[in-house]
Amino acid sequence: MSSHDDHDAFEGASLSARAMAARPMPYLDELNPAQREAVEALDGPVLMLAGAGTGKTKALTARIVHLLSTARAAPNEILAVTFTNKAAKEMKARVGRMLGEHVEGMPWLGTFHAICVKLLRRHAELVGLKSSFTILDTDDQIRLMKQLIRANNIDEKRWPARQLAGIIDNWKNRAWTPQNVPSAESAAFNNRGTELYDQYQRRLLELNAVDFGDLLLHVVTIFQKHEDVLAQYQRWFRYILVDEYQDTNVAQYLWLRLLAGGHRNICCVGDDDQSIYGWRGAEVGNILRFEKDFPGAKVVRLEQNYRSTEHILAAAGGVIRGNEGRLGKELWTEAGEGWKVRLIGHWDGEEEARWIGEKIEDHQSGRSEEAKNRYNPRLNSFQQELDRRAKSGLGPVDEHQYVRDAFESGSVYSDMKTFNLVKQLLDRDKYSARYGNMLGALGDYVVHRFSLDEIAILVRASHQMRAFEDRFLTIGLPYRVIGGPRFYERLEIRDAMAYFRLVVSPADDLAFERIVNTPKRGLGDKAQQKIQVCARDNGVPLVEGARILLAEGGIGGKGAGELRALIDNLDRWGRMTGHADLSHVELAEQVLDESGYTAMWQNDKTPEAPGRLENLKELVKALENFDNLQGFLEHVSLIMDNASEDQGAKVSIMTLHAAKGLEFPAVFLPGWEDGLFPSQRSMDESGPKGLEEERRLAYVGITRAEEVCTISFAGNRRVFGQWQSQIPSRFIDELPGEHVEVLTPPGLYGGGFGAAAPGYDGIQSTVDKRASEANVYNSPGWKRMQARAGQRPMSQPRETRSQVIDLEAVSRYTIGDRVFHQKFGYGAITGIEGDKLDIDFEKAGTKKVVAKFVMAGDDVPF
DNA sequence: TACTTAGAGATGCAG
DNA sequence: TCTCTAAGTA
């Protein structure tokens, strides 16, 4: 196909550049000076160093709009690359909003991979592929490698396919083809890495398939080997914009350099302090080297932060300062100093989860129960004092009334304004000496009201999530886990996709392998081996091999009939594609039903089954957005979004990695313990570099917070079922003391973690001392104390109250009822206590669960 | 062939 | 602790 015609025919080219030129430029007025500078420097290389929360996306989109408005480029002449679909989508939406109309064009705004697919489909033949190539995901890759490993008689146990996949992925990230893997790597995978890599690539070509790494690698190869093709694209993409430049790997870097080679109109946006993907090939070096790579580059720093308060920024800044070789940025804000970053240690992980759950409930009510209990006695005496004064006619009664009301209604706890006013009134009084101090301490316990949506828990490793899920389930706190397995990676979705792939292209061997015996068709290893052999001997795809085998009678019993049915079905479905009277959506449904796949899950009694059926329905629904099965398959592996957003306010739980780019008014950062965070593995594998990346991760974590940031650690933690005593993270030592407030854990009597004797005045003075005096907790001594405190016997953690007693939910049940729980599956009620049920689950054992989280067994759909 | 059980291994996660 | 895989067994 002539690519030049394509270019002229691009959607959106109709949006004429001249029409845009007449447009006013209101978007420029919304930018601060630095942003504006970055937006207006249109020509030549530009590096936009955008710290966390400095309006990077805003500047980037404004730049696109500016390019269009000044008629520098038509929409189809701008290449804008992001890393995630989410970012691409967001940018598209924002450009549209800024232009005030629906923008059809911007065909080249997308992820690296999505854009590469487009390019590769145009030039597939240059690397020996057909333009209809399929994109394999990680699962397919690993299965393919497993076959290779077996074929090479390598011990799979000592040399697992996963490891090989990792190695090859790594090489691809560095843009090494099998031919130019450096000899220094030749020891990889028992000295056979390079050889297997070569075999793997050959096999992919045979299958007309590529993996994710290939998408980039092939395009880079094409650009390097075919100057004419490269020159064409250099002319077409007049302006290049790159988001999250600090996350680019070598292959992406080369790709960009090649494309920008002519005009050098490239604008890279990034933050070296937020580079957290080194382990998957990102090179911070790319951004550090930018000015060398593009001499004369303009560097613009965005340093005004619009997200967090001063204390939070200062704490984050203090940590990141420990890294070397930074480009250097100093974030500032007009938001005011706000609250200090809170720091607290706990006995163990469960206690930590319990405490955080409690704090979240405090954020709901806007007051801290803990503070109320602790200060109530004093408040009472204060009120008595006020009463006495009022009676004896001393002092301005109205003001005292206000103060008293503030306490009685609780607004002094929940509203900072009231609190400050009360404090002012008291300060003016002679009581300030006696009560003001108390109020100062109380101020630390005034809790902001946040909706659950505004609260996030960011963990280092996903296994930390369980403690929180368990805890929140028992206290009935709604939560959502962000970033689990992606929709299209789920078992049932991949199975269904394999069926669709076979319908569209019967020669798809990987798909065939996946579903021959799913659902069970009595075709075990033996039968499958026979099919493989037959196919190979005849040099045909597996489906054909199976057909021949059946004709020869090489397969018998139950399997033969089932296999014949499957093949006949595939033939029939294949003929049905493109039929006018049957939409591809109906066809898909039919395929899933007739193959017995739906039935398989309907008959499955495990608790996941209903969810899987739900997902299948959703998959079919997603098909409606495409014209045919083929189009759907082409896009799904790259673009399919996660399952539908469930509504309702919920606390978000996610990894620090998943949190990048997000922001929350209140953020909890649990598990700051050496070995967990910074992660031992990261340090073992990458040494000081690994530690620096972990530190950047800490920086990312803290800078997610807008108002309240709470860091915690536990003295003990269960790791793989073993109890381990933990030492607080070295990053805690790096937090600047004047921006941190150390809290005393609940249930810690007699002071733990270096706290002075607790008590009414204790908190205030302890906090003050900690904050202002020489870094008490910054010393090695503090660190040792932490470690010791972990071993000190502590009071039994107290049971916390559940949020709301939902009696209606409980009343529906009696002991012995069979119930269903989303997470634990089926079980029988063995006891009822308040709004909680004791349930003996068939699969999960005995648990205590809040009644509203279960449903009667009969209500369960199937 | 399908189901059961024993044993090993275990980050982070976009495309 | 949990999950996945590979033998072992009906």
Side-chain angles (χ1 to χ4, degrees), chain A residues 81-88 110-117 135-138 141-142 146 156-158 160-163 166 169 172-173 210-217 243-244 247-249 251-252 275-282 349 458-467 470 482-486 488-489 491 517 519-528 555-559 562 635-642 654-661 671 675-686 690 693-694 696-697 700-701 717-723 843-845:
Chain A
V81 270
T82 63
F83 274 83
T84 63
N85 288 313
K86 212 170 115 198
T111 62
F112 274 103
H113 291 88
I115 289 170
C116 282
V117 173
I135 301 164
L136 302 188
D137 57 30
T138 325
Q141 270 182 61
I142 287 178
K146 207 173 259 179
E156 287 175 69
K157 276 212 170 120
R158 285 190 57 199
R162 253 176 202 294
Q163 192 190 335
D169 229 43
K172 287 187 176 176
N173 285 338
V210 299
D211 61 25
F212 287 123
D214 282 337
L215 290 174
L216 271 147
L217 189 53
D243 193 13
E244 308 277 17
D247 288 335
T248 48
N249 59 36
Q252 287 156 338
S275 164
I276 54 174
Y277 284 111
W279 51 273
R280 72 176 193 216
L458 312 182
V459 298
R460 170 67 247 258
S462 56
H463 62 77
Q464 287 174 261
M465 294 180 183
R466 227 192 43 230
D470 284 352
I482 309 247
R486 264 155 300 296
Y488 60 81
E489 278 173 10
L491 179 86
N517 203 28
K520 297 273 184 293
R521 292 194 174 87
L523 297 160
D525 287 346
K526 278 249 177 69
Q528 290 186 39
I555 208 163
K558 178 171 167 263
E562 293 265 16
H635 281 94
V636 77
S637 58
L638 284 175
I639 293 182
M640 189 92 160
D641 269 335
N642 226 339
M654 69 188 92
T655 62
L656 286 163
H657 283 91
K660 186 156 93 153
L676 179 59
F677 188 42
S679 133
Q680 194 58 52
R681 184 150 170 188
S682 182
M683 293 187 293
D684 289 348
E685 277 173 11
S686 323
E693 180 152 316
E694 295 287 310
R696 291 192 289 267
L697 210 42
V700 167
R717 202 172 282 278
R718 211 163 19 186
V719 183
F720 297 142
Q722 307 270 67
W723 280 103
K843 292 242 152 69

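Every chain is numbered from 1 and lettered A, B, ... according to where its sequence line falls, protein lines coming before strand lines.
Candidate nucleotides dT11(B), dT1(B), dG15(B) were compared by shortest atom distance to the side chain of Lys526(A), and dT1(B) ranks first. Picking from dG15(B), dG12(B), dT11(B) the nucleotide with the shortest atom distance to the side chain of His657(A) gives dG12(B).
Counting heavy atoms of neighbouring residues, nucleotides and ligands inside a 6.0 Å radius, atom CD of Gln722(A) does not exceed 12 of them. Atom CG of Asp525(A) has 12 or fewer heavy atoms from other residues, nucleotides or ligands within 6.0 Å.
Within 4.0 Å of Ser679(A), counting heavy atoms only, lies at least one base atom of the nucleic acid.
Between Asp525(A) and Arg681(A), it is Asp525(A) whose nearest contact on DNA chain B lies nearer the 5' terminus.
Side-chain nitrogen and oxygen atoms of Asn85(A) include none within less than 4.0 Å of the OP1 or OP2 phosphate oxygen of dA14(B). Side-chain nitrogen and oxygen atoms of Ser462(A) include at least one within less than 4.0 Å of the OP1 or OP2 phosphate oxygen of dG12(B). For dA14(B), the OP1/OP2 oxygens have no side-chain nitrogen or oxygen of Asn249(A) closer than 4.0 Å.
Residue Phe83(A) and nucleotide dG15(B) are not classified as a stacked aromatic pair, given the requirement of ring centres less than 5.5 Å apart at an interplanar angle below 30°. Applying the 5.5 angstrom centroid cut-off and the 30 degree plane-angle cut-off, the aromatic ring of Phe112(A) is not stacked upon the base of dG15(B).
Rounding to whole angstrom units, CD of residue Glu156(A) and P of dA6(C) are separated by 6 Å.
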message: Checking Phe83(A) against Asp243(A) for the side chain to side chain contact (heavy atoms under 4.5 Å, CB included) test, could you report, in this order, the C-alpha distance in whole Å, the side-chain angles of both residues, the deciding distance, and whether it holds?
response: CA-CA 7 Å; Phe83(A) 274 83; Asp243(A) 193 13; 5.9 Å; no

